[in-house]
Protein chains: 2
Amino acid sequence: MIAQHLSESTEMYLKAMAELSDHDNVVAIARLAERLSVTAVSANEMMRRLGEQGLVTHTPYKGVALTVKGREVACNVVRRQRLWECFLYDHLKIEWSQLYELACSLEHATAPEVTEALDLFLGHPKTCPRGNPIPDADGLFVPLSGIPLSEVEVGKTVRVLAVNATAKDVLKYLFERNLLPGHEVKVIEAAPLQGPLTLRLDGKNKDVALGLSLAEFVVVEENSNQ
Amino acid sequence: MIAQHLSESTEMYLKAMAELSDHDNVVAIARLAERLSVTAVSANEMMRRLGEQGLVTHTPYKGVALTVKGREVACNVVRRQRLWECFLYDHLKIEWSQLYELACSLEHATAPEVTEALDLFLGHPKTCPRGNPIPDADGLFVPLSGIPLSEVEVGKTVRVLAVNATAKDVLKYLFERNLLPGHEVKVIEAAPLQGPLTLRLDGKNKDVALGLSLAEFVVVEENSNQ
DNA sequence: GGGAATAATAAGGTCAACCATATATAAATT
DNA sequence: AATTTATATATGGTTGACCTTATTATTCCC
Ligand SMILES: [Mn+2]
Ligand SMILES: [Mn+2]
Ligand SMILES: [Mn+2]
Ligand SMILES: [Mn+2]
């Protein structure tokens with residue numbers, strides 16, 4: 001059970017699986033390939049390799065799932081990622097939209113000693129600047145109990161819990177519109193035919209239009225007022 | 001002149017060259033291979049590749065040297081390395097002997113924004129915890145004007161400027177004997193036939209024996225008292 | 001100058017992680 | 001049931017960074 005060093009590629013596949021997996025923890029290989037900007041053939045090959053290492057299981061035509069061991073690794077990568085996001089944001093004052101990308105490099109170069117010392121230095125933060133929970137050293141964390149902004153009923157006001165996007169341009173776009181953890185959003189209108197939402201941020205009077213696919217990245221509280 | 005991402009391997013070769021190069025900046029490929037724990041054939045192959053990229057020049061049977069471009073990259077890697085050493089030591093309280101190794105991983109995963117923000121966060125440190133100078137953003141630094149402890153005359157007392165070792169066990173060994181930057185060392189005796197030195201640390205009365213090859217790693221002030 | 005040591009090159013191989021193109025198979029839809 | 005779509009697998013290739021085992025070329029030293 002000694003943790004030999006896994007490649008950056010391996011870690012990224014496992015992390016992507018943790019981020020994309022639904023209720024039953026299954027991910028379609030095509031989704032994975034998409035997320036990692038890799039062909040489906042490459043993702044399939046990689047899943048075979050990870051399968052041989054006991055990190056994933058593949059049920060053909062159904063999808064792949066993390067094993068216990070695989071999930072352990074994935075949670076640890078997520079932990080490193082989000083701790084670095086905290087450090088980069090709170091101490092280095094790095095731009096919010098760049099946090100994911102910059103931390104995504106550091107996460108693979110971070111030894112356990114550094115991870116734990118960083119966690120202590122940061123005061124054991126519970127969430128990263130994008131609002132997502134930080135797994136503890138054992139991989140445990142309280143999952144977000146929210147829903148995507150895209151599923152909120154028109155007229156309701158909700159609070160943003162987290163932003164799940166990873167692409168810099170998407171994060172920049174959301175940041176510029178103040179769609180950040182802690183902010184309040186009222187859904188004024190939902191255009192038909194999968195059209196954009198019209199949102200009111202923090203009770204301001206200037207409204208914001210947001211495409212549905214972008215709204216899927218924004219996780220909000222389920223319990224709303226009004 | 002846009003800095004495309006160089007591989008970890010490339011950065012390590014260039015850094016090793018900067019660390020090993022003598023007055024005329026030339027390094028024997030065999031020394032490089034040794035340092036990087038790689039066969040001479042592999043190092044030769046790599047030098048060909050780096051030559052094609054304009055990072056090094058190879059004069060057969062003489063050695064390799066960094067080009068201006070290559071030196072620029074190398075200094076930047078050293079900068080990242082030593083800034084991380086500062087952070088790990090001063091803020092994360094990581095053990096001194098582990099600093100090099102842990103920072104050596106992080107250095108390759110550090111974007112320019114992070115490097116510069118880290119430098120600012122640390123207050124633009126001039127040296128790393130091992131006593132070596134930190135190049136500035138342009139790659140400039142004042143080289144250490146010291147000599148190896150192995151070359152100090154018997155009877156002289158000198159101050160340690162820096163420790164150039166990188167291996168964890170060597171660093172641990174030196175740390176346990178207090179051979180650290182800032183400490184004073186008197187050379188009591190030098191055994192014949194490349195035998196060990198007998199040292200007196202900080203005027204204490206308990207003496208320390210140190211092999212000559214280890215003493216080469218310890219850089220001390222040239223100007224000594226007594 | 002000649003031999004020993006050192007350095008370089010040649011040749012052939014491995015391995016991880018990617019690629020494209022083609023074919024096979026299962027699932028979903030009409 | 002038949003067709004379309006999604007998924008998987010089979011082949012064959014590439015690249016970077018390693019390896020081993022020769023063989024050749026140069027430099028160093030006696
Ligand atoms: Mn990453
Ligand atoms: Mn904690
Ligand atoms: Mn390194
Ligand atoms: Mn500075």
Side-chain angles (χ1 to χ4, degrees), chain A residues 3-17 20-22 24-66 70 73-74 77 104-105 107-109, chain B residues 3-17 20-22 24-66 70 73-74 77 104-105 107-109:
Chain A
Q4 75 287 333
H5 191 249
L6 300 173
S7 70
E8 168 160 355
S9 204
T10 295
E11 290 195 337
M12 285 306 284
Y13 272 92
L14 297 177
K15 190 176 81 163
M17 286 178 68
L20 293 175
S21 65
D22 57 1
D24 49 343
N25 292 327
V26 172
V27 192
I29 294 185
R31 291 297 83 59
L32 210 49
E34 218 172 83
R35 162 72 71 115
L36 296 168
S37 302
V38 148
T39 63
V41 174
S42 296
N44 261 283
E45 281 175 344
M46 192 62 172
M47 287 304 108
R48 186 184 41 70
R49 269 178 243 132
L50 298 188
E52 283 163 4
Q53 293 177 253
L55 295 166
V56 308
T57 54
H58 182 195
T59 318
Y61 300 101
K62 252 220 92 193
V64 282
L66 292 166
V73 174
V77 178
C104 187
S105 295
E107 65 191 356
H108 313 289
Chain B
Q4 75 288 332
H5 191 249
L6 299 172
S7 70
E8 169 160 354
S9 205
T10 294
E11 290 195 337
M12 285 306 285
Y13 272 93
L14 297 177
K15 190 176 83 164
M17 285 177 68
L20 293 176
S21 66
D22 57 1
D24 49 343
N25 292 327
V26 172
V27 192
I29 294 185
R31 293 296 82 58
L32 210 48
E34 218 172 83
R35 163 72 71 111
L36 297 168
S37 303
V38 148
T39 64
V41 175
S42 296
N44 262 283
E45 282 174 343
M46 193 62 172
M47 287 305 107
R48 186 184 41 70
R49 270 178 242 131
L50 298 188
E52 283 163 4
Q53 294 177 252
L55 294 166
V56 309
T57 54
H58 181 195
T59 318
Y61 300 101
K62 253 219 93 189
V64 282
L66 292 167
V73 174
V77 178
C104 188
S105 295
E107 65 191 357
H108 312 289

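Everything numeric here is computed off the predicted structure, so don't read it as measured data. In what follows, chains carry the letters A, B, and so on, assigned in the order in which the sequence lines appear, proteins first and then strands, with residues in each chain numbered from 1.
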Applying side chain to side chain donor-acceptor pair (under 3.5 Å) to A:Arg48 and not counting sequence neighbours gives A:Glu52

Phosphate contact (C:dA7 OP1 or OP2) by B:His58 side-chain N/O below 4.0 Å: no

Is there side-chain contact between A:Leu14 and A:Glu11, with at least one heavy-atom pair below 4.5 Å? no

Can you give one letter per nucleotide of nucleotides 25-30 of chain D, 5' to 3': B if a protein heavy atom sits under 4.0 Å from the base, S if only from the sugar-phosphate, - if neither? BSS---

When you compare the side chain of B:Gln53 with that of B:Leu6, does any pair of heavy atoms fall below 4.5 Å? yes

Please tell me if the side chains of B:Met46 and B:Thr10 come closer than 4.5 Å, counting only heavy atoms from C-beta onward. yes

Could you state the CE-C1' distance from A:Met47 to D:dT9, rounded to the nearest angstrom? 16 Å

Roughly how many Å is it from CG in B:Asn44 to C1' in D:dT24, rounded to a whole number? 13 Å

Roughly, in whole Å, what's the span from NZ in B:Lys62 to P in C:dT6? 19 Å

For a quick check of understanding: with a heavy-atom distance under 4.0 Å over all strands, which category does A:Ala30 fall into, base, sugar-phosphate or nothing? sugar-phosphate

Validation row: B:Arg35, B:Lys15 side chains within 4.5 angstrom (heavy atoms): no

Polar atom pairs between nucleotides 12-18 of chain C and protein, under 3.5 Å, N or O only, would you list them?
unit_1 : atom_1 : unit_2  : atom_2 : d
C:dA17 : OP1    : A:Ser7  : OG     : 2.5
C:dA17 : OP2    : A:Arg49 : NH1    : 3.4
C:dC18 : OP2    : A:Ser9  : OG     : 2.8
C:dC18 : N4     : A:Glu45 : OE1    : 3.4
C:dC18 : N4     : A:Glu45 : OE2    : 3.4

Does any non-hydrogen side-chain atom of B:Asp24 lie less than 4.5 Å from one of B:Lys62? yes

Specify the separation, in whole Å, of atom NE2 of B:His5 and atom P of D:dG16. 15 Å

Rounded to the nearest 0.5 Å, how far apart are CZ of A:Arg49 and OG of A:Ser7? 9.0 Å

Nearest atoms (heavy-atom pairs only) where A:His108 meets A:His5: O-NE2, 3.9 Å

Given C:dA8, C:dC19, D:dT20, which nucleotide is nearest the side-chain atoms of B:Ile29? C:dA8

